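As structure tokens, the structure follows; a few thoughts come after it.
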Amino acid sequence: MENIKDLINNYLLVKKDDTDLFDVLHFVQSQIGCIPEDIQKFIAARMCLELSEVHEVIEISSSFQEKKQISVTVCSGSGCTMKGSMEILGIISKELGVNLNDEDKSVFLTVKNCFKACSYGVNIEVNGELFHNVTVSTLGRVLEKIKFYY
Ligand code: FES
């Protein structure tokens with residue numbers, strides 16, 4: 001699965017010289033709903049611009065949203081816990097370098113006591129998208145989705 005940086009690279013390759021910063025920022029906004037700081041740095045480097053130029057364009061246009069936290073919620077209900085949700089929570093925390101309920105990170109990792117989909121557990125929600133039947137061995141698809149937003 002491609003992440004947003006791959007998509008930006010592809011976008012710039014297709015557009016070649018026929019694009020400007022405003023186009024690229026609109027493209028990113030349409031893909032992930034915001035333009036996080038690390039993506040601004042990536043765009044600046046990729047387009048040989050100063051980061052301040054990217055900031056300036058974002059600030060003067062109300063159509064761009066600079067920051068957005070990625071929300072990841074792991075089910076802590078008894079059904080999912082019995083299927084290993086707490087082990088999966090630990091892996092996500094370690095893989096992303098975030099602690100539970102830490103609001104200062106770009107990923108907000110939290111738990112919820114049952115999504116009312118117990119027979120499909122382990123259930124994990126990423127920005128409103130619910131993943132079912134997650135196991136340690138299938139966790140990669142959830143991590144890919146989370147990392148897409150980076
Ligand atoms: S226990 Fe996880 S959805 Fe109910």
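Start at 1 with the first residue, then count along the sequence. When a ligand or atom number is given, it counts from 1 through the structure's own listing order. Bear in mind that the values here come from a model prediction, so they are computed numbers and not experimental data.
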- Message: Please report, to 10°, the angle around atom 2 (Fe) of ligand 1 from atom SG (C80) across to atom SG (C75).
- Response: 100°
- Item | Sub-4.0 Å heavy-atom approach of A117 to ligand 1 | yes
- Using a strict cut-off of 4.0 Å, indicate which atoms of ligand 1 neighbour a heavy atom of N123. 3 (S)
- Query: Crowded around E53 CD? As in, over 12 foreign heavy atoms under 6.0 Å?
  - Reply: yes
- Where do F22 and V57 come nearest, in terms of heavy atoms and distance? CD1-CG1, 3.9 Å
- Would you call the rings of H132 and Y120 parallel, tilted or perpendicular, where under 30° means parallel and over 60° means perpendicular? tilted
- Message: I'd like to check which ligand 1 atoms, numbered from 1 as shown, lie under 4.0 Å from a non-hydrogen atom of C118.
- Response: 1 (S), 3 (S), 4 (Fe)
- Message: Within the 4.0 Å heavy-atom shell around G79, which atoms of ligand 1 are there?
- Response: 1 (S)
- Task: Heavy-atom contacts with C114 under 4.0 Å: which atoms of ligand 1 show up? List them by number with element.
- Result: 1 (S), 3 (S), 4 (Fe)
- Task: Verify side chain to side chain contact (heavy atoms under 4.5 Å, CB included) between T110 and V72, making sure each step is shown before the conclusion.
- Result: CA-CA 6 Å; T110 191; V72 179; over 6 Å; no
- Locate the shortest heavy-atom distance separating V98 from V107; write the atom from each residue and the value. CG1-O, 3.9 Å
